[in-house]
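Encoded as structure tokens, the structure appears first; notes follow it.
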Amino acid sequence: MATNTIGSKFGKPDRGWRERLYTIIFEADTEAGRRFDTALLVIIVLSVATVIIDSVGAVRAREYAVLNVLEWTFTALFTIEYVVRLLCVKRPLRYALSLFGIIDLLSILPTYLAILLPEFHFLIDVRLLRMLRVFRVMKLPRYFDESQVLWQALRNSRHKILVFLGVVLIMSVILGTIMYVIEGPENGFTSIPVGMYWSIVTLTTTGYGDIHPKTPMGQLITSCAMLLGYGIIALPTGIVGVELAMTMMKGAPTTRTCTHCLTEGHEADSLFCKHCGEKLEPYQYDAAAAGADPSASLADFKARMAPNVHRGPPQK
């Protein structure tokens, strides 16, 4: 797993109430952390459902007061969560400017701006501003372990995907130019950008049918582009699939963090940091939160670690 993790980016406090809050909010290996994530998941789903229902005119007219109370309740809860996240990290500005920090801000900002903007109705339609609350749904993936594995696989394959997209763009330009020359404006290909639009629609096998070749040569090129499109669709799937398999084979790290270098993601039985080699603090583990049998005590877990107690730290 990458060492550029939450702890190293935003800074995990060393002790005190901020450290305890950080463990609950950003880590999920304890009962309190799991309960916090579960409660936040429920609130996010309910708030997004409220936004969706609020977009139905008949329901909004009939239940305006109830929807308004729910909206402000969710906004207050998300505001408290956002402020607490900023308080419990060493680098609050870095978190505020991160992807999840911006998403957290977008989930609460529209409700507050809607108070001010009705007076400036000529600047923006408040209804469009309120629809930005649907960004709350983007808060969901961070609370699922599977989404973190998928995100890591996408990060690892981003260079290959960028090269692939570059090749597709080049092919779109070439095919669009060829079709512009062969078909011409009389058959709907009025410019090279129009030809590029046709090539992208064809390569992705979408086939809207709003523009299509009419000459035999153009139809031949279209047939080749369609066949080529099937290979284009399969290629990125294979790239991400390989990276996903490799990521899953690396093991199942936890949110356990080194207090020396703040590297996160150590395995449950690790004794030393995989990045700096410092001795790790005891693993904060809740059997019930991890989905294990609640009757199984931590002694069983420590017994499995016993053979590695005298193992020395890795070479720096």
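Taking a 4.5 Å side-chain heavy-atom cut-off between Ile, Leu, Val, Met, Phe, Trp and Tyr, the cluster of L93 extends to L97.
Considering CZ of R91 and OG of S98, their distance stands at 12.5 Å, rounded to 0.5 Å. Atoms CD1 and CD1, from I178 and I192 in turn, are 11.0 Å apart once rounded to the nearest 0.5 Å. To the nearest 0.5 Å, atom SG of residue C88 and atom CZ of residue R20 are 12.0 Å apart.
Applying the side-chain contact (heavy atoms from CB on, under 4.5 Å) criterion to V84, with sequence neighbours excluded, gives L21, I25, I80. Residues satisfying the side-chain contact (heavy atoms from CB on, under 4.5 Å) criterion with I43, sequence neighbours excluded, are F74, L77, F78. Residues satisfying the salt bridge (Lys or Arg N to Asp or Glu O under 4.0 Å) criterion with K160, sequence neighbours excluded, are E243. R35 meets the side-chain hydrogen bond (donor to acceptor under 3.5 Å, both in side chains) test with E31; sequence neighbours excluded.
Identified under the ring-ring contact (aromatic ring centres under 6.0 Å, His included) test for residues 195-216, with sequence neighbours left out: F189-W198. The salt bridge (Lys or Arg N to Asp or Glu O under 4.0 Å) analysis of residues 225-240, with sequence neighbours excluded, yields no pairs. Within the structure, the salt bridge (Lys or Arg N to Asp or Glu O under 4.0 Å) test picks out no pair touching residues 195-208 (sequence neighbours left out).
Looking only at side-chain heavy atoms (C-beta outward), T79 and T75 come within less than 4.5 Å of each other.
E71 and T111 are linked by a side-chain donor-acceptor pair at a separation below 3.5 angstrom, with hydrogens and angles left out of the test.
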Considering only distance and modelled atom types, tabulate donor-acceptor pairs under 3.5 Å from the side chains of residues 162-175, sequence neighbours left out.
from, atom 1, to, atom 2, distance (Å)
S172, OG, V168, O, 2.9

Can you give each donor-acceptor pair under 3.5 Å made by side-chain atoms of residues 218-234, sequence neighbours left out, with the distance rounded to 0.1 Å?
from, atom 1, to, atom 2, distance (Å)
T222, OG1, G218, O, 2.8
S223, OG, Q219, O, 3.0

Compile the donor-acceptor pairs under 3.5 Å between side chains in residues 181-188 and protein atoms, sequence neighbours left out, one pair per line.
from, atom 1, to, atom 2, distance (Å)
E183, OE1, N187, ND2, 2.9
E183, OE1, K214, N, 3.1
E183, OE2, T215, N, 3.3
E183, OE2, T215, OG1, 2.5
N187, ND2, E183, O, 3.2

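In the hydrophobic clustering of ILVMFWY residues, with side-chain heavy atoms under 4.5 Å counting as a link, I211 and M217 come out together. Under the 4.5 Å side-chain heavy-atom criterion for grouping Ile, Leu, Val, Met, Phe, Trp and Tyr, L46 is connected to W72 within one hydrophobic cluster. V56 and I53 fall within a single hydrophobic cluster, where Ile, Leu, Val, Met, Phe, Trp and Tyr are joined by side-chain heavy atoms under 4.5 Å apart, directly or via other members. One hydrophobic cluster holds both I52 and L70 under the rule that ILVMFWY side chains link at heavy-atom gaps under 4.5 Å. A single hydrophobic cluster is seen to contain both V194 and L203, as judged by linkage of ILVMFWY side chains at heavy-atom distances under 4.5 Å, directly or through other members.
Closest non-hydrogen pair, R85 versus F36, comes out as NH2-CE2, 4.1 Å.
A distance of 6.0 Å or more separates the ring centres of Y22 and W17.
When atom types are taken as modelled, the side chain of R18 and the backbone of L87 share a donor-acceptor pair closer than 3.5 angstrom.
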| Given the rule in the side chain to side chain donor-acceptor pair (under 3.5 Å) test, do Y95 and D104 qualify, once you have shown the distances and angles that lead to the verdict? | CA-CA 10 Å; Y95 175 78; D104 289 341; 2.5 Å; yes
